[in-house]
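What follows is one structure encoded as structure tokens, with my remarks underneath.
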Amino acid sequence: MITRKEIEQIAMLARLEFSDSEMGRFTEQFNRMVEFVGKLQTVETQGVEPTSHAVPLKTPYREDKTGPCLNPQEVMNVAPDAVQNFFRVPKVIE
Amino acid sequence: MTLHELSLNQASELLQKREVSSVELTQAILDRIEKVESKIHAYITLTRESAMEEARAADLRLQKGDRVTPLTGVPIAVKDIFCTRGVLTTCGSKILENFKPPYDATVVARLKEAGSVTLGKTNMDEFAMGSSNETSHYGIVHNPWDLEKIPGGSSGGSAAAVAAGQCFGALGTDTGGSIRQPASLCGIVGIKPTYGRVSRYGMIAFASSLDQGGPLGREVQDCALMLQVMVGHDPKDSTSVPMPVPNYLEHIQKGVKSLRVGVPQEYFVEGINPEVEKAVRKAIQTLKELGAEIIEVSLPHTSYATAVYYIIAPSEASSNLARYDGVEYGFRSSGAKNLLEMYRKTRSLGFGEEVKRRIMIGTYALSSGYYDAYYRKAQQVRTLIRRDFDRAFEKCDLIVTPTSPTPAFGIGEKASDPIQMYLSDIFTISCNLAGLPGISVPCGFNTQGLPLGLQLLGRPFDEERLFQVAHAFEQVTDWHKKRPEILSS
Amino acid sequence: MNYEPVIGLEVHAQLKTETKAFCSCPTRFGAQPNTQICPVCLGLPGTLPVLNRRMVEFAIRTALAFHGEISKDSVFARKNYFYPDLPKGYQISQYDRPLAVGGYLDIETKVPSPPRGEGQGEGATRRIRLVRIHMEEDAGKLIHEGIPGSEGSSFVDYNRAGVPLIEIVSEPDLRSPEEAGSYLRLLRSVVQYLDVCDGNMEEGSLRCDANVSVRPEGSEKYGTKVEVKNMNSFKSVEAAIQYEIDRQIQAIAAGERIVQETRLWDADPQKTFSMRSKEEAHDYRYFPEPDLIPVMVDAAWIEKVQGGLPELPDAKRRRFVEALELSHYDASVLVSSKSIADFFEKTIAIYNKPKMASNWILSELLRYLHEEGRGIEQSRVTPQLLAEMLRMIGDGALSGKMAKEIFKEVYQTGASAVSIVEKKGLKQVTDESAIAQVIDQVLAKHPDKVQDYKAGKEKLFGFFVGEVMKATRGQANPQKLNTLLKTKLSS
């Protein structure tokens, strides 16, 4: 059983938040989902290689040649908040 | 037959013969959209003006015989998951409510290059997460066969638009069945190509190792014509395969004689709608009558596919969707006191509930201490599922199954139960996990008049054979010729 | 109780590629904000990374130079965390399958300290083992002030986002701030020799974080380590480590426990500060990057890169000592930087007097450059110019004393020694009759002193030399002057 507190921690990691009213239902659903995917634990996978890509592929490389960049003005026009070609965010405190 | 009722290949033929102009065709479709869109809600964005411009340009090409392809002048629709330069691309989400990409997805660029006319961007489940199109931030799509029913998802807008005559073909994407399931529920054809066949560049990522773009059309040939333009190696996508592409139409008439068709016992299980089973069994009989050899095969890890999928897809999604943070583009919640609050408010208000659920489950599955038990385990079982198919394909040339366990269900019917919703993809998910090509073709209607679909799964890169078999089946059936009656008035 | 410091370094080196790791944006330093960005490095929806071949090649080159073992299929992984300088919400890095594992650097140390000492005294080395070398992409840059309306805001420039990096992680084998300094200096000089990184710590193309702990001398068990970040020079790395060692020893002495944490170095007031982290502990949720394929490196590629490796500082120093007969110290200073060694080698390629060239470079050229705070790359004196001057000295056309003056001018103007000498009319007088003539004049002027000299006041020899030099404005060839003067006075 995953507790509400754990779910709050996961939400923090994912930069999400849930209101109190959402939280109850969400915790219940979350636990059902975890239970649902939990049935994999019964499959024997000793020594089985994991599959990241189903199709065999070779590393494609790009040659080290420069290409076009975006016009910063256009980028800033669609940015939620920009000043002097910088993206602006609330102060980052280290 | 009025223009909007034509199939794509028929429309293409009329254009080539110059019996109709692209402008006429496009106008006819725009008129049709005008008439039915308020009932269907298949589109998020319509690009009427640029469509007419493109139609005029296409007519010029047709007139001059300049770079004419079978798609030149054909009006199509694009799922709103594909980036379109300067045209709103929302991915069905509020978080991209104002996002106009500065570039075209590779497949969009290829379709433009071929001279097709883009009508607009179709509605979809938010970030392609859903099987009913109900998670879209831009409203529910209605199934043209029964407006009270869902069209399937996540490419629900594309499927409904094709079925309702609001385009001749449409682009979709398929991560766990998102092309095939809505195609099945809307009575049309849809193919998910082999992973790596179609470039993912510019296709907004849901689950990178499963996502694949593909076409939806009324007939098998329509899909073949569209896929022909979409496929091929793209250096911008490292997972795109540099393999030669056959001409899909060349041998499409080849038929099914002496082909070995595998029927996996695990796909005819409890929970499958009897009418679906009956239609699929009958379709198998039809294939047999056409000369195919029917073989029983076994895919023993089938029952784990959904669980594997609901670990891998949300895990990848939780990372793919981290970029939506309100910094560079898209929606940002105003009035946050600090950075952390800006992130959390932006993402909580910008994403819908299903997306948040999946981000949460994915974040959990990847988090420290759980990675091996969930993500790694799922990748291992994924290997077992692949091996099942490898073994089955030693005995048969393709596999047939139902596409969806049920016909279209009612709007709101499964919305409150995520797991029930997830189970509507049980027959389509394995194909994505194994990277195989899969096609859904109409194979009947239930007693309520809702369409049913047959799924064909092929060996990797064997799209050509899927087209052959699906086409042969289509030639001896009439399901694809039916048009939804509700709208014909 | 005596404590022993235990130090491991994590060095990030920016690779000198033309383009970024996964897109074709340029990597030039100092461009206008957000002018070197494209849909890929900005993390726009739908974009995908494509690996820069040269990034991999540079990483292989570095790993081979440090004797690491190259993996045949290393894997890129996503490191997930939210920060405004990270456009995608994850960094493409390598995690459990890095490009290379193992390897080492032999640093010079006066203290042949265990565990892996080799030799003693001058030339003694100590082997510092590496854990791994992996590839990753850089993040953008955050600016906190200097922009109007900056109250309560930070600003992001993504020009640096996606620039290729390698991270070189050492074992905790270093035992003092000085050792950390020599490790870092050697590492920098090697990556410069390899031409994979320009090694500029101020511009951040070489960055160093230190893991520092202390333990009672003789103890085998490691103490709790603290990560120290934010040092932007060799000096600050050494100072920060020293500060941290002292802080930890004092804390233990005061009965406190060391907390595992990240601390930031602040150059003014020369202290480390705990990063205030009210947030949750990091959980990077690494998983294999699904948009990239494992990096396959075959034996042929490794062999090719190996074959193209340049001579590295160690080997070069040995050659300078053995073949060119330079002192160990001089050779060490010359090879400490690739550009100095290059300058030296180019000079002797034109005029082959290694000892002389080494002396001039080490004593004069580097002194001037240091005063001006310039690198040898920006020197107006080229190897050509230096070699030319050395030849004049060697040919006796220029005295050592004059040469120092001339060199100053060569350094300041970049003009050739020949032209300066000509312009000033300073050419050394080597013509014996001319010198003899001046000697005669001087002796004629001071008959009494000539008398005294002949009577045994030999000290006056210097006086005559000085007078001749004065009369020739220092241009008389000293050897010739000496011989002639002796002959004249003894006649």
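Basis for what follows: all heavy atoms, side chains included, without hydrogens, waters or symmetry-related copies. In the text below, chain A, chain B and the rest are named by the order of the sequence lines, each starting its count at 1.
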Bottom line for A/S52: the part with an atom under 4.5 Å from chain B's heavy atoms is both

For the pair B/Y364 and A/F30, name the ring-plane relationship: parallel under 30°, tilted 30 to 60°, perpendicular over 60°.
perpendicular

At a 4.5 Å cut-off on heavy atoms, which part of B/F99 comes close to chain A: side chain, backbone, both, or neither?
neither

Report yes if the side chains of A/K91 and B/L339 come closer than 4.5 Å at any heavy-atom pair, otherwise no.
no

Could you go through the side chain to side chain contact (heavy atoms under 4.5 Å, CB included) check for A/V48 and B/Q379 one step at a time?
CA-CA 9 Å; A/V48 176; B/Q379 298 277 55; over 6 Å; no

Within-4.5 Å side-chain heavy-atom neighbours: A/L57 and B/V241:
yes

Stepwise side chain to side chain contact (heavy atoms under 4.5 Å, CB included) test for B/K377 and A/T45
CA-CA 7 Å; B/K377 185 84 180 179; A/T45 52; 2.9 Å; yes

Would you mind checking which part of A/Q41 comes under 4.5 Å of any heavy atom in chain B, side chain (CB onward), backbone (N, CA, C, O), both or neither?
both

Specify which of B/S240, B/S348, B/P460 makes the most heavy-atom pairs with chain A at under 4.5 Å.
B/S348

Under 4.5 Å from any heavy atom of chain A, what part of B/Y103 do you find: side chain, backbone, both or neither?
neither

Inspect the surroundings of CD in A/E22 and state if more than 12 heavy atoms from other residues, nucleotides or ligands are less than 6.0 Å away.
yes

Mark yes or no for whether B/R347, through its side chain, and A/A14, through its backbone, hold a donor-acceptor pair below 3.5 Å.
yes

Honestly, the part of B/Y324 sitting under 4.5 Å from a heavy atom of chain A is neither

Pick one of side chain, backbone, both or neither for A/E44, based on which atoms fall under 4.5 Å of a heavy atom in chain B.
backbone

Step by step, work out the side chain to side chain contact (heavy atoms under 4.5 Å, CB included) result for B/Q380 and A/E49.
CA-CA 6 Å; B/Q380 287 177 310; A/E49 271 294 301; over 6 Å; no

Given a strict heavy-atom distance threshold of 4.5 Å, which part of B/S416 is in contact with chain A: side chain, backbone, both, or neither?
backbone

B/Y310/A/M33 under side chain to side chain contact (heavy atoms under 4.5 Å, CB included): CA gap, chis, key distance, verdict:
CA-CA 9 Å; B/Y310 278 98; A/M33 284 164 72; 5.6 Å; no

Part of B/S208 within contact of chain A (heavy atom distance under 4.5 Å)
neither

Between B/M360 and chain A, with a heavy-atom cut-off of 4.5 Å, which part of the residue counts as in contact: side chain, backbone, both or neither?
both

To the nearest 0.5 Å, how far apart are CD1 in A/I7 and OG1 in B/T363?
12.0 Å

So, the side chain of A/K39 versus the backbone of B/S303: is there a donor-acceptor pair under 3.5 Å, distance only?
yes

If I take atom OG1 from residue B/T346 and atom CZ from residue A/R15, how far apart are they, to the nearest 0.5 angstrom?
12.0 Å

Chain A heavy atoms under 4.5 Å from B/L423: which part of the residue, side chain, backbone, both or neither?
side chain

Which atoms of B/P235 approach chain A - backbone, side chain, both or neither, heavy atom under 4.5 Å:
neither

Quick one: which of B/L210, B/L349, B/D417, B/L321 has the most heavy-atom pairs under 4.5 Å with chain A, could you say?
B/D417

In Å and rounded to the nearest 0.5 Å, what is the OH to NE2 distance from B/Y195 to A/H53?
4.0 Å

Counting heavy-atom pairs under 4.5 Å with chain A, which one of B/Y343, B/Y375, B/F331 comes out on top?
B/Y343

Which distance, rounded to the nearest 0.5 Å, do you find between the NZ of B/K236 and the CZ of A/R62?
12.5 Å

Validation row: B/R382, A/P50 side chains within 4.5 angstrom (heavy atoms)
no

Answer with side chain, backbone, both or neither: which region of B/T383 has an atom nearer than 4.5 Å to a non-hydrogen atom of chain A?
both

So which of B/T306, B/L433, B/D325, B/I385 has the largest heavy-atom pair count under 4.5 angstrom toward chain A?
B/T306

Please give me the minimum heavy-atom distance between B/R357 and A/F26, naming the atom from each residue.
CG-CE1, 3.4 Å

Side chain to side chain, A/L40 and B/Y374, heavy atoms closer than 4.5 Å
no

For chain B, which candidate among A/V43, A/I2, A/V75, A/D81 shows the most heavy-atom pairs at distances under 4.5 Å?
A/V43

Would you compute the distance between atom CG of A/L16 and atom CZ of B/R344 and round it to the nearest 0.5 angstrom?
8.0 Å

Select one option (side chain, backbone, both, neither) describing which atoms of B/A322 are under 4.5 Å from chain A's heavy atoms.
neither

Which bit of B/F461 is near chain A, if near means a heavy-atom gap under 4.5 Å: side chain, backbone, both or neither?
side chain

Please determine, among A/P90, A/P60, A/A79, the option with the most heavy-atom pairs under 4.5 Å with chain B.
A/P90

Pair A/R25 + B/E353: basic N to acidic O under 4.0 Å
yes

Are more than 12 heavy atoms, taken from residues, nucleotides or ligands other than A/Y61, located less than 6.0 Å from that residue's OH atom?
yes

Could you report the tightest heavy-atom contact between B/G326 and A/P80, atom names first, then the distance?
O-CG, 3.4 Å

Who among B/I359, B/L436, B/I311 has the most heavy-atom pairs with chain A under 4.5 Å?
B/I311

Residue part contacting chain A, namely of B/N338, when any heavy atom lies under 4.5 Å:
backbone

Proximal component of A/F36, with respect to chain B [non-hydrogen, under 4.5 Å]
both

Given side chains that start at C-beta, do those of A/V78 and B/E328 come closer than 4.5 Å, heavy atoms only?
no

